[in-house]
Amino acid sequence: MLKVYNTLTRKTEEFQTLEPGVVKMYVCGVTVYNDAHVGHAMSALVFDVVRRYLEFRGYKVKHVMNFTDVDDKIIARANALGEDPFALAQRYIDDYRQNLLDLNILPATSNPRATQTMKEIISMVQGLIEKGYAYPAPNGDVYFRVTKEKEYGKLSGRKLEDMQAGARIEVEEQKEHPMDFALWKGAKPGEPAWDSPWGKGRPGWHIECSAMNLAELGEQIDIHGGGNDLIFPHHENEIAQSESYTGKPFSRYWMHNGMLQLGGEKMSKSLGNIISIKEFLSKRDADVMRMLVLNGTYRAPLLFNDETLDAAQKNVERLKSGLRPAAPSASGLSAEAASALASQAESAKGSFTDAMDDDFNTAGAIAALFEIVKAINTARDSGANDEQLLPAQNMLHTLTGVLGLRLRDKKGSADVDPFVNLLIEVRTEARKQKQWAMSDLIRDRLKELGVTIEDSKDGTTWRWG
RNA sequence: GGCGUCGUGGCCAAGUGGUAAGGCAAGGGUCUGCAAAACCCUCAUCACGGGUUCGAAUCCCGUCGACGCCUCCA
C-alpha cells in the first residue's frame with residue numbers, strides 16, 4: 001500500500017486516487033527568465049521519480065508542469081537585455097526542456113503556459129468576482145479577498161491575524177486587507193498586456209496555476225507538487241482561488257520537496273549562489289545529480305557540495321558494477337546457486353517496493369538495489385556465467401530504471417572493439433611469458449585511451465571508463 | 001516575533017515502541033606477477049536534560065543548535 005506525506009494534513013496518508021488507476025498530478029514549473037539551476041533540477045527529479053514509481057505501480061499518470069512565461073522578472077530581464085519578453089521566455093523554455101531531457105526526466109504529459117491560458121484565467125477571475133471572492137480596484141488590479149475565504153492559511157498553518165503582525169505594510173491603498181493578493185495586474189505602459197473586463201493587464205502569479213489545473217485536469221486533482229518554498233504564499237493562494245471558485249477540495253495530496261543547500265544556505269536566484277543545470281552537466285553525469293537526490297529524503301534539505309557529489313558518483317559506480325558481464329571463461333554456478341541469485345533479486349524487489357511505498361523512501365530503495373548488486377558480484381566472483389547473472393541483472397536494470405537512473409557506461413566507438421580485443425589477446429600472451437613490463441605498458445596506455453582492464457583468474461575483461 | 005521541518009558513526013543517510021539499513025571513507029584479509037575491481041571482516045546506542053513505559057533513536061516536556069517560510073523563489 002502506497003503512503004504519501006501530505007503537507008495539508010502534516011500526516012502520511014494512504015494514497016487513493018479520485019479515479020481508479022489514474023493520477024492527476026500538477027507540479028509547479030519554473031518562471032523562465034534565466035538559466036535553470038540545480039535546485040530546479042532537484043524538484044523536477046523528485047517528481048519525476050514520483051511519476052515513474054506511480055507508473056511502475058500501474059497508474060496512468062497525467063503529469064502537468066507549467067511554464068510561467070509572463071511576469072515582472074521576465075519583463076525586467078527582457079528590458080535589461082533589450083529583448084522581446086516573449087522571445088526571451090521562449091528561449092528559456094527551450095533551454096529548460098533540454099535540461100530536463102539531459103537529466104533523463106520524462107516530459108510532462110502537458111506543459112501549459114500562462115500566456116496560452118489567458119481565456120481561462122480571465123473567466124476564473126471573473127467568476128471569483130461574481131462570487132464575491134475578488135474585487136477590482138481603481139488602478140486596474142483585481143485582488144482576492146482573503147477575509148472571505150474562511151480556510152485561508154490552512155496549507156501553511158497560518159492565521160490571518162498572525163500574518164498581519166509580520167506583514168510588510170505596503171503602500172497599497174487599493175487593497176481592502178494587506179494580505180489580499182493580485183489575481184490580475186493592470187498594465188503599465190510598455191508591458192505585455194491582454195484585454196480584460198478590467199482593462200488591459202496580465203495575470204497575477206498564482207491564478208495561472210489554478211486556471212491551468214482547471215483547464216488541464218479539472219476541478220479536483222490527486223497530487224499537487226512543488227518546492228516547499230512555494231507553500232506560502234503560492235500554494236496557499238492557489239487553494240484559496242481554486243476552492244472558492246469550484247466549491248470543492250482542490251488537491252488531495254500536497255507534496256513538497258526540500259531545498260538544495262549550497263554552503264549551508266538555500267540555493268536561489270535571489271541569493272545569487274547558483275549553479276546552473278548546464279554548468280553541472282558539463283562536469284558531472286546526470287546520474288550523479290539524480291543519485292544525490294535519491295540518496296536523501298525528498299522532503300529534507302539536500303546538501304550539495306563536492307563531498308556529497310563524490311559520494312553520489314561512487315554510488316552510481318557501485319550500481320554499475322552489478323551490471324558488468326561475467327568473466328570470459330566463467331565455469332558456471334550450480335543450478336541451485338543460480339536460482340538462489342534470482343530469488344535474492346526477487347526478494348530485494350520486495351524491499352524496494354516496500355521502501356518506495358513508504359512516501360517514496362528512495363534512500364531505502366537504493367539500499368535494496370545494493371543488495372542485488374552484492375548478490376550479483378558475489379555470484380560473478382563464484383564463477384557465474386552471463387546467462388546465470390541475467391535474471392538478477394534484469395531486475396537491477398528494471399528497478400534502477402524506475403528511479404530514472406541510466407547507468408550508461410562511457411562509450412567508445414564500437415569500431416575499435418576488435419583492436420582492443422587484439423591488444424588484450426597480445427597482453428594475455430605476454431603475461432603467460434611473464435613479460436610484465438610489456439603487459440603493464442599495454443594496460444597503462446589503454447587506460448590513457450579510456451579503456452580499463454581488469455584481470456581475474458577467469459580471464460581479462462575491459463570496459464570504457 | 002509567528003508558523004514549520006529537523007538534530008543518528010569521520011561524511012551522506014534509512015529507521016515513529018522491542019536491543020541501530022545502506023553507501024562513502026578508514027583499518028585488516030582473500031584474489032592478483034603487480035594493479036584495479038570484486039568479495040569477507042572490523043568500525044555508532046541515536047544533540048543535551050527530565051518524564052511516560054516491562055521496554056524509546058522512536059511518545060511527552062524543557063534546553064541548546066541548524067534550516068525553511070512569513071517578500072520574488074523549485
Side-chain angles (χ1 to χ4, degrees), chain A residues 7 10 12 27-31 33-34 36-47 65 68 71-73 76 153 156-159 161-168 170 179 205 225-234 236 256-261 264-271 291-292 294-297 299-303 305 307-319 321-322 324 327 351 355 358 361-371 373-374 376-382 431 434-437 439-440 443-444 447 452-457 460-461 463:
Chain A
T7 306
R10 314 260 173 212
T12 302
V27 181
C28 284
V30 292
T31 300
Y33 70 98
N34 212 334
H37 57 73
V38 285
H40 297 120
M42 176 191 181
S43 186
L45 282 165
V46 163
F47 290 101
M65 189 196 74
T68 299
D71 91 330
D72 294 340
K73 294 201 167 175
S156 54
R158 297 151 204 259
K159 297 191 181 80
E161 309 86 74
D162 297 340
M163 286 190 278
Q164 285 185 59
R168 188 170 295 177
E170 299 171 34
M179 295 309 295
W205 176 34
N228 67 15
D229 54 347
L230 295 180
I231 294 173
F232 189 90
H234 186 53
E236 191 70 71
H256 293 98
N257 64 276
M259 296 291 102
L260 204 60
Q261 302 289 124
E265 278 184 313
K266 174 180 128 178
M267 179 181 298
S268 77
K269 293 175 185 175
S270 47
L271 289 173
M291 180 58 84
L292 184 73
L294 293 172
N295 190 47
T297 308
R299 293 193 277 127
L302 180 64
L303 301 179
N305 57 47
E307 290 71 43
T308 57
L309 286 169
D310 285 346
Q313 187 151 352
K314 290 283 182 55
N315 279 351
V316 171
E317 294 303 327
R318 178 148 179 79
L319 287 181
S321 78
R324 288 178 197 154
S351 306
D358 184 13
N361 178 357
T362 51
I366 292 282
L369 298 185
F370 284 131
E371 280 179 35
V373 169
K374 181 165 285 188
I376 290 171
N377 288 340
T378 300
R380 189 194 297 104
D381 277 2
S382 308
R431 290 179 72 220
K434 299 192 190 299
Q435 295 177 18
W436 309 128
S439 43
D440 289 352
R443 185 172 62 198
D444 294 345
K447 183 71 183 174
T452 299
I453 286 183
E454 286 171 5
D455 298 322
S456 80
K457 63 179 188 301
T460 299
T461 59
R463 64 172 186 274

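Base pairing of U45(B) is not made with any nucleotide, judged by Watson-Crick or G-U wobble geometry with both donor-acceptor distances under 3.5 Å. Nucleotide C67(B) is matched to G4(B) when pairs are restricted to Watson-Crick or G-U wobble geometry with both distances under 3.5 angstrom. Pair assignment for G10(B): C24(B), on the basis of Watson-Crick or G-U wobble contacts that are both within less than 3.5 Å. When both distances must be under 3.5 Å, the Watson-Crick or G-U wobble mate of U32(B) does not exist. Across all strands shown, nothing is found opposite U16(B) as a Watson-Crick or G-U wobble partner with both distances under 3.5 Å.
Comparing A36(B) with G50(B), their P atoms are spaced 50 Å from each other, to the whole Å.
In this structure, Asn361(A) reaches the sugar-phosphate backbone alone: every heavy-atom distance under 4.0 Å involves primed, P, OP1 or OP2 atoms, never a base. Using a 4.0 Å heavy-atom criterion, one finds that Ala311(A) contacts no nucleic acid atom at all. In this structure, Leu230(A) reaches the sugar-phosphate backbone alone: every heavy-atom distance under 4.0 Å involves primed, P, OP1 or OP2 atoms, never a base. Gly29(A) comes within contact range of the sugar-phosphate backbone alone, with a heavy-atom separation under 4.0 Å but no base atom that close.
A74(B) atom P lies 11 Å from atom CE of Met65(A), rounded to whole Å. The distance from atom CG of Leu303(A) to atom P of G68(B) is 12 Å, rounded to the nearest whole Å. Rounded to whole angstrom, the span from the NE2 atom of His37(A) across to the C1' atom of A74(B) amounts to 7 Å. Here the P atom of nucleotide C12(B) and the CG atom of Asp310(A) are 14 Å apart, to the nearest Å. Spacing between atom CG of Asp229(A) and atom P of U5(B) amounts to 17 Å, rounded to whole angstrom units. Asn305(A) has its CG atom 16 Å from the P atom of A25(B), to the nearest Å. Between the CD1 atom of Ile231(A) and the P atom of U71(B) there is a distance of 15 Å, given to the nearest Å. Regarding Leu302(A), its CG atom lies at a distance of 17 Å from the P atom of C11(B), rounded to whole Å.
Atom-to-atom distance recorded for Asp455(A):CG and Ser439(A):OG is 8.0 Å, nearest 0.5 angstrom. The line from NE2 of His37(A) to CE of Met42(A) is 12.0 Å long, rounded to the nearest 0.5 Å. Atoms NE2 and CG, from His40(A) and Asn34(A) in turn, are 9.0 Å apart once rounded to the nearest 0.5 Å. With rounding to the nearest 0.5 Å, the separation of CG in Asn257(A) from CG in Asp229(A) is 8.0 Å.
Between C12(B), A21(B), G15(B), one nucleotide has an atom nearer to the side chain of Ala367(A) than all others, and that is A21(B). Closest contact between the side chain of Cys28(A) and the listed nucleotides A21(B), A74(B), C70(B) involves A74(B).
With the nearest nucleotide of RNA chain B identified for both Phe232(A) and Ala300(A), Ala300(A) has the one nearer the 5' end. Heavy-atom distances to RNA chain B give each of Ile366(A) and Lys314(A) a nearest nucleotide, and the one nearer the 5′ end belongs to Ile366(A).
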| request: Indicate for each nucleotide in nucleotides 29-42 of chain B, in 5' to 3' sequence, whether protein heavy atoms under 4.0 Å reach the base (B), only the sugar-phosphate (S), or nothing (-). | output: ----BBBBSBSS--
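Residues Ser321(A) and Val373(A) have side chains in contact (heavy-atom distance under 4.5 Å, counting atoms from C-beta outward). A 4.5 Å side-chain heavy-atom check between Thr452(A) and Lys447(A) finds at least one atom pair inside the cut-off. Side-chain contact check for Lys374(A) versus Arg318(A): some heavy-atom pair is nearer than 4.5 Å. Counting heavy atoms from C-beta outward, Asn228(A) and Arg299(A) have side chains that stay 4.5 Å or more apart.
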